[in-house]
Amino acid sequence: MSEDTQKCTIIVFSGDMDKVFAAFIIATTAAAMGMETTMFFTFWGLKAIQKGNPTGTGLFGRMLGIMNRGGIDRLGPSKFNFGGIGRWMFKKMMRDQNVTSLPEMLQMAIDLDVKMLACLMSMDVMEITKDDLIDEVDDVVGAATMLSHAQESQIQYFI
Amino acid sequence: MSEDTQKCTIIVFSGDMDKVFAAFIIATTAAAMGMETTMFFTFWGLKAIQKGNPTGTGLFGRMLGIMNRGGIDRLGPSKFNFGGIGRWMFKKMMRDQNVTSLPEMLQMAIDLDVKMLACLMSMDVMEITKDDLIDEVDDVVGAATMLSHAQESQIQYFI
Amino acid sequence: MSEDTQKCTIIVFSGDMDKVFAAFIIATTAAAMGMETTMFFTFWGLKAIQKGNPTGTGLFGRMLGIMNRGGIDRLGPSKFNFGGIGRWMFKKMMRDQNVTSLPEMLQMAIDLDVKMLACLMSMDVMEITKDDLIDEVDDVVGAATMLSHAQESQIQYFI
């Protein structure tokens, strides 16, 4: 890409359906506008790029893997989840309006060459391995790599 | 405005009283400093620019309209709300310190020519119409329009 | 510092252990990369730079001081806290991975000359005084001072 290409770097910290959805809307729109776009998934946001298998090796890691099971289709909204009813309701309301679903948004981001980075440190703490992530993840990196993208980015959010 | 005018673009995603308050503090301060300021209200943040009437047409839209009723004076804090007591308590603590209330902050933003944009897609999903929004909303737009403001902005937050 | 020094300004609004941790990771990494880094603590984020003594003078201020007691070692995670068990569990998982603890991160930020600013208005509303904050806080300022840092910053987040 040329020197003048605009860049967009989004930190996806949240694992809430609505916030992850907002992150993907911004990322795919920025990529479609020609911006070089990077998503950095950290902490709860890792759920969006996990395959969805059980994770963890130690006692707490396995407990967390059950309570916080990954997979982009498992995310619940930050409000009104009511044990899964809210997730189902929002999915239905989105379908009724022909709004792209989260798994489709993820695929669209991949097709638009959005760079997918996973945070090494939070993977270590939460006992999530590279094998637990979807194959389309470009790299597992630290905060310094993410920041070197962000400091060249005209658009940058912590979501 | 001249080419050199600095810009500020804030995405208001949250509908929590404290976060919306922070968004308005930043927006009005930036505008008072001479920055061309835009607020983009999306998802729960739409509550801050709703008139407060019941919304929704389908079953789920009407349910959501009741559970998540709009109007800037109805917002509750993200913590310690306790069914409305927290909202009342924070309002009182703000009044005691002569801190501007949220409805006054909204009016101040309007008076300072802060541009108010509403997110088309989340309005569709949540079944909120242009008529449900306060008249001062400048436009209902998509993510691309918001991003074209943000990529020229020295200050940009996702709140 | 030279004209070309890159800057990083982080608004720490959240008082959740995981989000404050992310803020400190970003701040210390940016500072280690040579960026002039500022953290602006506001609302719940003030807990991270409070000494931890009881605060407040009026009835509500004292109540809030009890429910929301400060001190960086008292922060609980945004999810799965379960009355403190989650906090204990995350601390243990971080120790097991040799990840720096929050109090150590705070000390590291201070050692790296990260500028620590506290928000005047939220201190007033929550009845927190300068004496309730750790001595390393550089200044108590308003939003305009924070924004004047942020508008010169290549990296800026609202966390």
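Reminder, nothing fancy here: chain letters follow the sequence lines and each chain counts from 1. Quick note: numbers below take in every heavy atom, side chains included, and nothing from hydrogens, waters or symmetry partners.
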Non-hydrogen atoms of chain A under 4.5 Å away: do they reach the side chain of B:Ile159, the backbone, both or neither? neither
Could you measure the distance from the CE atom of B:Met121 to the OG1 atom of A:Thr100? Nearest 0.5 Å is fine. 6.0 Å
Write down the atom of B:Leu64, the atom of A:Met93, and the distance for their closest heavy-atom approach. CD2-CE, 4.1 Å
Counting only heavy atoms closer than 4.5 Å, note whether A:Gln154 contacts chain B via side chain, backbone, both or neither. both
Heavy-atom distance under 4.5 Å between the side chains of B:Phe43 and A:Lys79, does that happen here? no
Between A:Tyr157, A:Phe21, A:Phe158, which shows the greatest number of heavy-atom pairs under 4.5 Å with chain B? A:Tyr157
Are B:Met63 and A:Met89 packed together at the side-chain level, in the sense that at least one heavy-atom pair is separated by less than 4.5 angstrom? yes
Are side-chain heavy atoms of B:Trp44 and A:Asp18 found at a separation under 4.5 Å? yes
Between A:Met33 and B:Gln151, the two heavy atoms sitting closest are CE-NE2, 3.9 Å
Check this for me: A:Lys91, atom NZ, are more than 12 non-hydrogen atoms of other residues, nucleotides or ligands nearer than 6.0 Å? yes
Do A:Ile26 and B:Leu147 have side-chain heavy atoms sitting under 4.5 Å apart? yes
Picking from A:Met94, A:Lys19, A:Arg95, A:Lys92, which has the most non-hydrogen pairs under 4.5 angstrom with chain B? A:Lys19
Identified ring pair (Phe, Tyr, Trp, His ring centres under 6.0 Å) partner of B:Phe60 from the options A:Trp88, A:Phe90, A:Phe80: A:Trp88
Taking the side chain as every heavy atom from C-beta outward, state whether B:Met146 and A:Thr29 have any atom pair closer than 4.5 Å. no
Would you call B:Val125 and A:Asp96 a side-chain contact if the rule is heavy atoms closer than 4.5 Å? no
Could you tell me which portion of A:Ser78 (side chain, backbone, both or neither) has an atom closer than 4.5 angstrom to a non-hydrogen atom of chain B? side chain
